[in-house]
Peer 1: 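Once you've had a glance at the structure underneath, I'll fire off some questions.
Not measured: the values here are computed from a predicted model.
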Amino acid sequence: MRIEFRNLDKCYGSVRANDKISLTLQSGTIQGLLGENGAGKTTLMKILSGYTRADGGEVLLDGTAVTFASPAQAIAHGIGMLHQDPMDVPALSVLDNFMLGAGRGLAQQRKRSAAQLTELSRQFGFALDPDATAGSLSVGERQQLELVRLLALGVQVVVLDEPTTGISEPQKLLLFAALRKLAEQGLTVIFVSHKLAEVEALCSRAVVLRTGRVVGEVQAPFSSDQLVMMMFGQCFSRGGRPAAPLGDEVLQLDDIAVHTHQLSVEHISLGVRAGEVIGLAGLEGSGQRLLMQACAGIRRVGSGRITLAGQDMTHEPYHRYLQERVAFVPAARLEEGMIAGLQIREHVALAKGNGHLFVRWDEAEAGARRLIDEFRVVGQPTTRVQELSGGNQQRTLLGLLPEHLRLLLLEHPTRGLDVESSRWIWQRLLARRADGTAILFTSTDLDELVDHSDRIVVFSGGAMSRPVSAADVTCEQLGYLIGGRHA
Amino acid sequence: MKARSPALQVLLGVAPILLTLVAATAILLVAGANPLAAFGQIISGAFESPRKLADVAMAMVPLLLCAAGMLVTFAAGLWNIGVEGQVVAGALATTWVALRLNAPAAVLLPLTVLAGMAGGALWGLLIGLIRTKGKVNEIFAGLGLNYVSMALTNYLIFGPWKPPDGATMSGTDPFPRAAWMPVIGTSRASLPAILLAVAGIVVIWWLLRDSQWGLRLKAVGQNENAAYRLGIRTSREIVLAFMVCGMLAGLAGSLQTTAVYRRLIPSISGGYGYMAQLVVLLSGLRAQAVPLVVLFFAAIQVGSPRLELRMYLDSSLGGVLQAGTVLFFLLVRGLRQRLSKE
Amino acid sequence: MKRTTLFVLIVALLVLGSVVTACKPAASTEEFVFGVVLVGPYNDHGYSEAHYQGAKYAETKIPGARMVYLDKLNSADRPGTTLEQVVEEMVAEGAKLIITTSDDFGADTDVVAAKYPDLPFVHMSGDNVLTGEAPDNVANFFSKMEYTKAIAGCAAALATETGEVGYLGPLINDETRRLASSAYLGCRECWETYRGGDPEDLRFVVNWIGFWFNIPGVTLDPTVVANDLFNSGVDVLMSGIDTTEAIVVAGQRMDKGEKVWAIPYDYEGACEIKPEVCLGTPYFNWGPVYVEIINKVLDDKFEHEFVWHDPYWKDLSDEDKSYVGFKYGPALTEDQQKDLEDYIDKLADGKTKFFVGPLNLQDGTAYLADGEKATDEQIWYLPQLLEGMEGASQ
């Protein structure tokens with residue numbers, strides 16, 4: 001089945017998730033859909049599979065325009081999507097889940113379904129026990145179950161959203177083999193990922209999205225440098241920001257290791273001086289987020305030593321980091337940064353405190369007003385933060401930061417913001433250098449990294465490169481590093 | 001929210017009560033009773049005389065205190081189903097003081113109150129620790145501890161605290177007179193109990209609205225993770241919320257023993273902990289609305305035995321009215337949210 | 001939305017208030033209203049229902065008598081509702097007599113009665129009149145279940161093949177001690193007289209569960225206790241508790257082929273659960289008691305007294321006359337029933353020794369000297385089980 005997107009638009013509040021996307025995907029192929037988080041891949045696929053509706057533009061299947069009101073309609077048109085988190089019913093058996101949505105469930109059909117499940121499993125080499133409950137399966141097995149379920153429903157297009165997250169290596173190979181077999185049978189497979197290696201291994205063609213737009217379409221064999229450049233964008237010459245004098249060492253990391261069940265970051269050593277800005281580059285999920293969290297005291301380190309201004313902070317709790325004037329501005333502003341449901345002035349009262357039993361509402365109001373004026377927030381002291389636009393949320397978050405900071409950690413400080421907002425935010429951030437604040441930030445924008453950092457470190461698969469001077473590094477070099485090769 | 005006509009607003013507001021009345025009327029008609037007369041019995045049974053009003057006031061005491069406590073835990077986003085056990089814990093601590101200490105009323109009564117509050121707070125502390133340290137959902141922790149408190153009460157009544165001539169379901173021996181909360185004249189209303197309940201709801205209303213603590217609780221309730229990032233010690237706040245709630249619930253249990261039953265009886269909590277959940281839900285988590293809702297519940301509770309005495313109706317109808325109102329309130333609220341979305 | 005909820009509640013209360021109709025029941029001059037307070041549901045097939053039926057019976061026998069009742073007066077079913085409130089309601093209804101029917105209401109009855117010195121109160125199964133705790137307007141009425149327990153004990157002796165009889169006891173107090181001992185006396189008497197047995201060969205064992213019914217975690221499980229008794233060699237199990245475990249367990253064991261019998265308690269129809277194992281049921285018949293109490297009040301003869309009624313010996317099952325009854329069970333053979341009838345006749349005539357010396361208490365101390373007949377008070381306050389019985393006395 002040939003899929004065409006024509007001028008597809010989708011906005012979430014002020015964020016343009018899909019910006020006039022036009023794209024054609026041929027049947028019988030495995031299509032890679034690449035891009036960083038927030039590039040618009042998932043939104044595009046959700047429109048295709050009926051989970052959400054586009055604001056404008058159209059979707060054509062074999063030349064016919066379609067709109068889906070629900071995933072069921074999409075499946076009826078032959079389009080099925082596998083989500084990042086399995087969408088099965090954990091309490092039901094594998095067979096029951098398999099039969100869900102099929103619109104039949106009597107004993108006779110049950111037998112037929114069981115036979116069908118066995119046949120499909122055999123065909124792809126899956127070992128699914130029909131009587132086990134879905135909840136007892138591993139993520140990879142639940143994915144297999146979901147895949148055979150969609151196939152039994154007769155889908156012609158299979159969309160997989162980041163399918164390799166959280167599954168084992170053998171399961172991954174099994175899945176890839178299955179996908180290749182499906183493509184041979186003439187199905188269209190859309191493989192959504194930000195992992196270059198997997199796209200290179202699997203796909204015959206790759207489309208790269210960035211900030212909601214299609215920035216490139218390439219045929220296999222791919223050059224990973226090329227893909228990286230597409231994902232991270234061009235980098236222009238440095239804007240010539242004023243250099244700030246660096247002070248004493250603020251942060252010292254000695255052979256840090258952080259482990260999660262998905263990724264291990266090891267042997268990280270880095271010294272950061274007062275007034276210094278360090279950019280953390282890399283594909284998302286390469287370890288930079290874990291390091292930031294470790295530096296903020298939010299995540300425990302497995303081994304190594306964290307020293308802040310001469311004090312060993314390795315196993316200190318989070319609030320000790322706050323006392324030592326470390327601040328962390330997360331990318332998920334409304335999930336981790338601010339409290340949806342509370343007003344700006346309530347955030348001010350919480351952030352500043354006053355040591356008294358009662359809130360001085362007049363003071364909080366005045367503080368909120370100052371923040372709104374100074375950080376150009378479009379809102380009122382009584383505006384609830386979830387009603388603010390993304391840029392205004394980010395500005396409010398920055399406005400809530402304490403005045404004198406030793407270390408400021410920022411995840412994607414300008415993601416989703418327009419050029420003017422970004423420029424203004426960086427101006428405010430860099431002004432803090434005069435106060436001796438050291439800044440660590442992550443970004444997927446090469447331009448931003450090169451433009452605002454003193455030094456850049458690149459993460460790839462949990463390993464951190466040696467710091468390079470932002471003034472000397474070329475975009476090509478960064479591209480190599482991000483792609484996992486040594487410059 | 002879009003502006004809607006005031007008439008619709010009022011209609012949606014009155015709807016839960018009207019729907020409940022319609023449902024109750026249907027039930028009464030099926031039972032072959034005159035609905036108007038039945039509702040009339042409840043109202044007159046609750047409000048016809050100062051003595052009835054005094055009974056209503058006393059029925060409001062435990063509900064007010066439990067609801068005040070639950071406002072705290074609800075503010076922190078916690079579903080404290082363990083209020084029931086906290087009421088019992090307060091009653092147990094009070095009974096211990098009342099039966100073991102020999103002191104004049106002026107000393108003993110304040111001690112019973114403090115013991116009740118401490119007992120409830122301790123029970124709350126347990127739930128809080130299980131939730132924060134054990135990472136067990138507070139609903140399960142609360143329910144589990146409710147059963148523990150029940151078993152503990154039964155054990156004490158049938159064991160160490162049983163009356164000399166044998167254990168009965170009527171509980172321990174009556175407390176010594178010094179541990180009886182004074183009542184107004186010949187009525188059953190105890191002024192200290194009523195004042196404590198009023199103070200409880202007023203203080204909580206004030207603290208939740210204007211204190212730093214209230215604001216922190218709200219932050220924890222809306223987004224525990226972000227509150228933690230903002231520097232709030234969320235575990236401590238959660239434990240504290242359970243303890244404050246337990247303190248108020250424990251006070252309710254304490255007053256049930258010293259001002260109503262004058263002894264410890266099995267099921268001393270009488271389900272007030274669960275009823276308070278309905279009260280708080282029906283008040284939309286707002287302290288100002290709690291007294292009125294409590295009045296509504298207490299009036300039905302005091303008035304409904306008349307249904308049986310005069311009309312030979314099962315007095316469970318009172319419970320049907322209470323639960324039905326909450327149910328229809330939630331239904332109408334859901335409907336309202338749908339309407340405002342469109 | 002916020003404001004309206006408040007508003008709505010006010011409106012609702014006002015609306016409800018406006019429909020209050022002045023519908024006080026028209027009290028006829030001949031009407032006599034009496035209040036009955038029950039601890040359990042009026043239809044519990046047990047203790048509370050027996051009282052409810054008794055009061056209903058009185059309504060049919062006394063013209064103009066009208067019962068107002070409130071059931072389920074316990075804190076689990078009616079939190080915060082006290083006996084005092086209920087009595088107030090009943091007085092407002094015109095009640096001229098209050099009957100409280102649970103042992104649990106004893107202390108509260110005295111307190112409330114003191115507040116209504118002109119209103120007669122009857123507390124059933126209490127003895128606060130005897131002990132002097134009750135105010136002058138309280139009377140205690142009870143019936144001598146001791147005799148029907150003795151008859152039940154006799155039935156057990158007639159049926160047993162192993163010579164071992166079990167008694168499933170509730171908690172230990174004066175009442176339960178004397179009932180278990182009565183059963184033992186009847187059992188021993190018939191074992192000697194009709195079976196020609198030696199009392200030394202008769203085993204009578206009482207196991208207490210801890211309360212009138214099963215409370216998980218507090219009492220022993222009566223089902224387990226019943227099975228333990230059967231396992232120890234008992235083949236007739238008498239029940240002293242409010243619930244039906246004894247006959248249920250006996251029925252289960254009979255179905256497995258064992259030769260066992262049971263004697264339930266309290267409820268006239270209890271044999272119906274498993275007629276094949278049932279030797280009979282001793283039960284209370286409250287109807288005549290209620291009639292008597294109401295007539296006393298009507299005739300202005302109500303007194304501060306402790307009344308303990310004998311059965312109507314001519315016909316234990318006469319529902320108009322006998323305060324306690326014994327219903328023969330289907331498992332009783334014809335010969336056994338004849339012996340039992342003979343025993344009942346002797347019991348009525350005082351020809352058989354029932355609480356007559358020599359009798360020792362369980363620890364061997366003398367209770368009654370040779371030929372000495374126990375007074376009512378000696379029986380009511382029996383301090384221990386009797387010599388020859390197995391089981392705890394305290």
Peer 1: Main chain of B:Gly231, side chain of A:Tyr318: is a donor-acceptor contact present, judged purely on distance under 3.5 Å?
Peer 2: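 No; judged by distance alone, with no hydrogens or angles, the pair does not exist.
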Peer 1: Is it the case that atom CZ in A:Arg320 sees more than 12 heavy atoms from other parts of the structure closer than 6.0 Å?
Peer 2: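 Count over threshold, so yes.
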Peer 1: A quick test of your reading: do over 12 heavy atoms of other residues, nucleotides or ligands sit less than 6.0 Å from NZ of A:Lys46?
Peer 2: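 Counting other residues, nucleotides and ligands, NZ of A:Lys46 stays at 12 neighbours or fewer.
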Peer 1: Measure the CD-CE distance between B:Gln222 and A:Met338 for me, rounded to the nearest 0.5 Å.
Peer 2: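 It is 13.5 Å, given to the nearest 0.5 Å.
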Peer 1: Quick one: CD1 on A:Ile339 to CD1 on B:Ile232, what's the gap to the nearest 0.5 Å?
Peer 2: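 A:Ile339 CD1 to B:Ile232 CD1: 5.5 Å, rounded to 0.5 Å.
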Peer 1: Does CH2 belonging to A:Trp361 count more than 12 external heavy atoms closer than 6.0 Å?
Peer 2: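 Check passes, neighbour count above 12.
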Peer 1: With rounding to the nearest 0.5 Å, note down the distance linking CD in A:Glu336 to OH in B:Tyr228.
Peer 2: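 Result: 12.5 Å between the selected atoms.
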Peer 1: Residue by residue, scan residues 395-413 of chain A and write down, ordered by number, those that have a heavy-atom distance under 4.5 Å to chain B; if none do, write 'none'.
Peer 2: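 No residue falls under the 4.5 Å cut-off.
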Peer 1: Could you tell me which portion of A:Ala351 (side chain, backbone, both or neither) has an atom closer than 4.5 angstrom to a non-hydrogen atom of chain B?
Peer 2: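 Nothing of A:Ala351, per the 4.5 Å heavy-atom cut-off to chain B.
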Peer 1: Counting only non-hydrogen atoms closer than 4.5 Å, does A:Leu322 touch chain B with its backbone (N, CA, C, O), its side chain (CB onward), both, or neither?
Peer 2: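 Side chain only.
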Peer 1: Working to the nearest 0.5 angstrom, can you tell me the gap between A:Arg345 CZ and B:Leu215 CG?
Peer 2: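 Nearest 0.5 Å value for the CZ-CG distance: 9.5 Å.
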Peer 1: Report the option among B:Arg229, B:Arg233, B:Lys218 that has the most heavy-atom pairs separated by less than 4.5 Å from atoms of chain A.
Peer 2: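 Ranked by heavy-atom pairs under 4.5 Å with chain A, first place is B:Arg229.
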Peer 1: Heavy-atom distances under 4.5 Å only: say whether A:Pro330 touches chain B with side chain, backbone, both or neither.
Peer 2: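 The answer is the side chain of A:Pro330.
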Peer 1: Quick one: does B:Asn223's side chain have a donor or acceptor within less than 3.5 Å of a partner on A:Glu335's backbone?
Peer 2: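 Here the side-chain-to-backbone pair exists.
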Peer 1: Can you tell me if B:Phe140 has over 12 outside heavy atoms packed within less than 6.0 Å of its CZ?
Peer 2: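 12 or below, so no.
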Peer 1: Could you measure the distance from the CG atom of A:Leu357 to the CG atom of B:Asp210? Nearest 0.5 Å is fine.
Peer 2: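 Separation between the atoms: 9.5 Å.
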